[in-house]
Amino acid sequence: MSTALRIKLIATAPILLLVTFGAFIMVNLAPGDPTVNILGDNASPDDYIAMRQELGLDDPLFARYLSWLGNVFQGNFGTTLVPPQQEVATVLARAIPVNLELAVLTLLMALAIAIPVGMWSAYRPGSRFDRAVSTTSFALLSIPNFLLAVLLVLLLAVNWQVFPIGGWARPTEEGWGANLYHAFLPALALAIEESLVFARLLRSDMHTTLQEDFIVASRAKGMPTWHVLVREALRPSSFSVLTLTGISVGRIIGGTFVIEQVFALPGLGQAIVNGALTHDYRIVQGGVVVVAVVYLVISIVVDALYGYLDPRTRHA
């Protein structure tokens with residue numbers, strides 16, 4: 001393990017503490033009382049006071065944070081406040097696989113589109129294909145994700161009835177075929193924008209790489225075009241795409257709230273939104289911790305992959 005990677009691992013601890021503390025403070029200072037959601041509007045003042053004492057809501061804020069953080073380190077996120085009460089870890093464990101599958105499928109689709117498009121645009125800069133890709137990218141990137149999702153639903157689900165309008169099939173219950181059938185449309189809605197950004201980044205970086213001396217030498221040796229593009233130019237041109245891919249995974253796992261609402265997906269975003277609406281701050285705090293951990297883990301993995309793509313970075 002390189003020194004830089006060790007430093008990165010050490011630095012994750014204070015970052016996690018800051019994220020968890022910020023989430024705890026913001027959620028607990030937000031307006032609204034979870035006891036109202038638990039007891040309803042018709043309970044007596046004494047019932048509200050007793051419930052607040054039972055939940056520890058009258059304890060000092062920092063003491064509550066330390067108590068919650070200690071439980072989190074033991075893997076205990078507590079129970080939900082709003083009935084029916086259940087373990088927060090159980091709620092998150094049901095939601096996270098939806099986002100993970102959506103992220104993986106989205107990135108596979110995006111990279112499958114972006115890599116050949118970006119490579120050929122870089123190989124033929126200024127060509128009709130390159131100009132068409134550039135124009136299409138600007139046009140589609142100007143459309144918000146949620147609007148693109150609605151358009152896809154209208155076209156592929158309502159008019160052509162190729163895919164279901166919404167919902168989610170659990171692979172353990174309905175099989176992977178039904179699961180991918182439900183996941184394809186929301187993944188496509190996310191992958192279109194991701195693929196356009198990936199393709200433009202790869203095109204820019206590879207265009208620079210193709211001017212390098214080792215590429216010129218390879219061409220002078222008579223190497224075929226596919227060899228030059230795939231075997232020699234792709235790896236050193238992938239740093240920006242790799243970085244953005246890591247960011248995209250974290251964003252898809254924790255930030256696809258609107259897409260989840262459009263397609264009625266029982267993912268992490270929907271769980272956090274529902275927790276915020278019902279003042280169930282334990283779900284919100286647990287979700288924020290999960291998203292923060294995912295971002296940090298992906299950041300470390302991306303740093304480690306840099307050394308694989310370009311060995312010079314291991315000695316920098």
Side-chain angles (χ1 to χ4, degrees), residues 23 91-114 136-171 173-174 176-201 241 244-278 280 283-284 286-295 297-298:
V91 176
L92 298 179
R94 285 202 305 265
I96 291 171
V98 176
N99 296 81
L100 286 175
E101 183 180 343
L102 193 61
V104 171
L105 188 57
T106 297
L107 293 177
L108 288 177
M109 294 168 65
L111 292 173
I113 298 171
T136 304
S137 298
F138 284 124
L140 291 178
L141 287 174
S142 64
I143 303 176
N145 250 342
F146 69 90
L147 181 56
L148 186 61
V150 172
L151 293 175
L152 289 174
V153 168
L154 290 175
L155 181 63
L156 299 177
V158 177
N159 292 340
W160 294 352
Q161 299 182 357
V162 178
F163 296 100
I165 294 178
W168 189 263
R170 301 280 179 180
E173 300 169 1
E174 302 182 47
W176 282 102
N179 179 250
L180 294 176
Y181 182 57
H182 282 77
F184 183 86
L185 205 55
L188 179 62
L190 293 168
I192 290 175
E193 181 178 344
E194 300 293 338
S195 65
L196 296 173
V197 177
F198 291 169
R200 298 311 299 168
L201 273 177
V241 173
L244 189 59
T245 299
I247 296 173
S248 297
V249 172
R251 186 175 68 251
I252 294 170
I253 290 176
T256 56
F257 306 126
V258 178
I259 294 294
E260 289 181 26
Q261 295 297 322
V262 171
F263 291 99
L265 304 180
L268 189 60
Q270 190 176 88
I272 294 175
V273 170
N274 291 338
L277 292 175
T278 58
D280 198 334
I283 292 181
V284 180
V288 169
V289 170
V290 170
V291 173
V293 170
V294 168
Y295 264 106
V297 169
I298 290 174

Exercise. Relative to the ring of Phe163, is the ring of Tyr181 parallel (under 30°), tilted (30 to 60°) or perpendicular (over 60°)?
Worked result: tilted

Indicate yes or no: at least one non-hydrogen side-chain atom of [X] is less than 4.5 angstrom from one of [Y].
| X | Y | answer |
| --- | --- | --- |
| Leu156 | Leu188 | yes |
| Trp168 | Asn179 | yes |
| Leu152 | Ile192 | yes |
| Val249 | Tyr295 | no |
| Ile143 | Leu140 | yes |
| Leu102 | Leu265 | yes |

Exercise. By side-chain contact (heavy atoms from CB on, under 4.5 Å), which residues pair with Ala110, not counting sequence neighbours?
Worked result: Ala191, Glu194, Ser195, Phe198

Minimum heavy-atom separation for [X] and [Y], please, with both atom names.
| X | Y | value |
| --- | --- | --- |
| Gln261 | Gln270 | NE2-CG, 3.7 Å |
| Ala23 | Val288 | CB-CG1, 3.5 Å |
| Ile259 | Pro186 | CG2-CB, 4.2 Å |
| Leu185 | Pro164 | CD2-O, 4.0 Å |
| Ile272 | Val284 | O-CG2, 3.8 Å |
| Asn274 | Thr278 | O-OG1, 2.8 Å |

For this session: Under the side-chain contact (heavy atoms from CB on, under 4.5 Å) rule, what do Glu260 and Val98 come out as? Steps first, then yes or no, please.
Result: CA-CA 10 Å; Glu260 289 181 26; Val98 176; 6.0 Å; no

Seminar exercise, completed: Interatomic distance, OG1@Thr106 vs CD@Glu101, rounded to 0.5 Å, equals 10.0 Å

Problem set entry | Nearest-0.5 Å distance, CG of residue Leu92 to CD1 of residue Ile283 | 7.0 Å

For this session: Check the pair Ile165, Phe263 against side-chain contact (heavy atoms from CB on, under 4.5 Å), reporting the backbone distance first and the verdict last.
Result: CA-CA 7 Å; Ile165 294 178; Phe263 291 99; over 6 Å; no

For this session: Give every residue pair that meets the side-chain hydrogen bond (donor to acceptor under 3.5 Å, both in side chains) criterion with at least one member in residues 138-148, sequence neighbours excluded.
Result: Asn145-Glu193

Exercise. Do Asn99 side-chain atoms and Gly267 backbone N/O form a donor-acceptor pair below 3.5 Å?
Worked result: no

